[in-house]
Student: 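The structure that follows is given in the form of structure tokens.
Every chain is numbered from 1 and lettered A, B, ... according to where its sequence line falls, protein lines coming before strand lines.
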Amino acid sequence: MSLRVVFMGTPDYGVPSLEALIEAGYHVVGVFCQPDKPSGRGKKIVPCPVKQCALSHGIDVFQPVKTRVDGVEPLRALAPDLCVTAAFGHILSQEVLDIPRMGTVNVHASLLPQYRGSAPVNWALINGERVTGVTTMMTDRGMDTGDILMQREVEVLPGDNAGMLVDKLARVGAELLIETIRALEAGNCPRRKQDEGQASYFPLLKKEMGVMDFGKTAKALCDFTRGMNPWPGAYAGAYKVLEAEAEPWAGDEAPGTVLRADAKQGLWVRAGEGALNILRMQAAGGKPMSARDYLRGHQMEVGALIAPEKTDAE
RNA sequence: CGCGGGGUAGAGCAGUUCGGUAGCUCGUCGGGCUCAUAACCCGGAGGUCGAGGGUUCAAGUCCCUCCCCCGCAA
């Protein structure tokens with residue numbers, strides 16, 4: 001007899017796990033996600049990806065404002081054997097955690113205990129990690145502090161940005177989730193406490209954190225660009241930098257100086273060490289395009305600063 | 001009705017205010033120069049100006065309708 005499972009998640013990251021549960025034959029008796037909010041151009045209300053997925057499978061959707069308050073009764077009524085969370089965005093109370101007989105399993109996109117927090121993939125990229133991964137863990141009341149069940153490493157490819165890596169980790173996480181649940185059912189799932197000495201926590205990203213600091217090395221700026229895309233984006237003044245490479249450069253220009261800006265050579269900007277070769281970018285109001293395409297139709301002065309003045313943040 | 005920018009040659013843009021020969025940078029094709037080149041010189045091809053309707057002697061440009069794209073915001 002298949003387990004009664006309640007899935008909790010909101011963005012794209014959770015969808016593969018939800019689909020995997022359904023495909024594996026578990027009885028997904030309900031899906032929790034955050035309330036719909038007006039979003040997109042024109043303030044339309046668009047259901048979050050997890051909700052869309054749930055509805056397309058005919059699963060009941062619950063959208064409590066605070067799960068630990070108005071989510072308790074609906075959850076209890078579903079009488080789940082197991083809860084699964086993946087980027088749900090709500091902190092669960094002990095009362096909620098006590099409802100499912102087998103507990104609550106979280107699919108986290110990092111190799112815990114490193115990169116606890118809401119934006120593990122972004123931070124792993126920003127910090128230049130070459131390997132990251134996913135972890136299934138027993139959710140407890142802390143922020144990603146529960147016991148580790150299973151982990152799987154994923155190599156970070158040089159071309160990965162946060163969006164691509166999240167997709168990849170979501171798929172790996174979905175596989176690992178099923179493996180984990182099977183082991184839990186069989187009673188032979190590994191389980192170990194997190195080593196607090198090795199733990200690290202990184203905060204949620206905010207829009208204003210996307211401002212590029214050209215005093216950093218070209219490599220760091222390159223990693224930053226990867227980690228901040230597609231959201232919140234890495235900004236150099238009026239330009240959003242989508243993709244860049246680090247290049248060697250010897251010269252005494254000030255960080256942020258435009259070194260090259262033409263359709264043949266591309267757009268190079270002085271970094272604290274080396275130069276940042278901006279490959280893809282997007283001007284305000286414009287479409288994303290390669291820097292070379294942009295320069296065919298726009299003038300940029302070599303020798304000037306790419307971000308001449310602080311864009312009035314906020 | 002949340003605010004705003006945009007659709008013109010294969011790519012990126014100007015031209016629209018004030019209607020009157022379709023322009024720039026790059027690519028592409030041909031030729032030349034060069035030890036050589038992503039360099040330079042000469043020449044050519046390539047555009048239903050997002051769609052439809054209207055005004056006009058004349059519409060990329062003015063009026064109306066529609067489609068699509070993007071930034072902010074979330």
Student: Check this for me, if you would: do A:Asp293 and A:Arg296 make a salt bridge, where the nitrogen-to-carboxylate-oxygen distance has to be below 4.0 angstrom?
Tutor: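 A:Arg296 and A:Asp293: salt-bridged.
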Student: Salt bridge or not for A:Arg226 and A:Asp160, using N-O below 4.0 Å?
Tutor: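 Salt bridge absent between A:Arg226 and A:Asp160.
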Student: Going by an N to O cut-off under 4.0 Å, is there a salt bridge joining A:Asp147 and A:Lys193?
Tutor: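 Yes, charged N to carboxylate O under 4.0 Å.
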Student: If you only use heavy atoms from C-beta on, which nucleotide in B:C70, B:C26, B:A74 is closest to the side chain of A:Lys37?
Tutor: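 Comparing B:C70, B:C26, B:A74 against the side chain of A:Lys37, the answer is B:A74.
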Student: Whole angstroms only, please: what is the CE-P distance between A:Met281 and B:G71?
Tutor: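 Interatomic distance, CE of A:Met281 to P of B:G71: 14 Å.
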Student: Between B:U56 and B:C63, how far is it from one P atom to the other, in whole Å?
Tutor: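 Nearest-Å result for B:U56 against B:C63 at atom P: 16 Å.
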Student: Using the side-chain heavy atoms of A:Gln282, tell me which of these nucleotides is nearest: B:G71, B:C26, B:G12.
Tutor: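 Shortest atom-to-atom distance from the side chain points to B:G71.
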Student: Would you call the rings of A:Tyr115 and A:Phe202 parallel, tilted or perpendicular, taking 30° and 60° as the class edges?
Tutor: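 Parallel: the ring planes of A:Tyr115 and A:Phe202 meet at under 30°.
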Student: What distance, rounded to whole Å, do you find between the two C1' atoms, one in B:G19 and one in B:G60?
Tutor: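 B:G19 and B:G60 have their C1' atoms separated by 10 Å.
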Student: Return no unless some side-chain N or O of A:Tyr235 is found under 4.0 Å from OP1 or OP2 of B:G71.
Tutor: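 No, because none of the side-chain N or O atoms of A:Tyr235 sits under 4.0 Å from OP1 or OP2 of B:G71.
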Student: So what does A:Gln265 hit on the nucleic acid, given a heavy-atom distance under 4.0 Å: a base, only sugar-phosphate, or nothing?
Tutor: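 No contact at all - A:Gln265 keeps every heavy atom at 4.0 Å or more from the nucleic acid.
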Student: Could you check which of B:C13, B:C26, B:G71 has an atom nearest any side-chain atom of A:Arg296?
Tutor: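 Nucleotide nearest to A:Arg296's side chain: B:C26.
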Student: Among B:G71, B:A74, B:C13, which is the nearest nucleotide to the side chain of A:Trp231?
Tutor: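 Output: B:A74.
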Student: Just compare B:C70, B:C26, B:C72 and give me whichever is closest to any side-chain atom of A:Lys207.
Tutor: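 Selected nucleotide (nearest to the side chain): B:C72.
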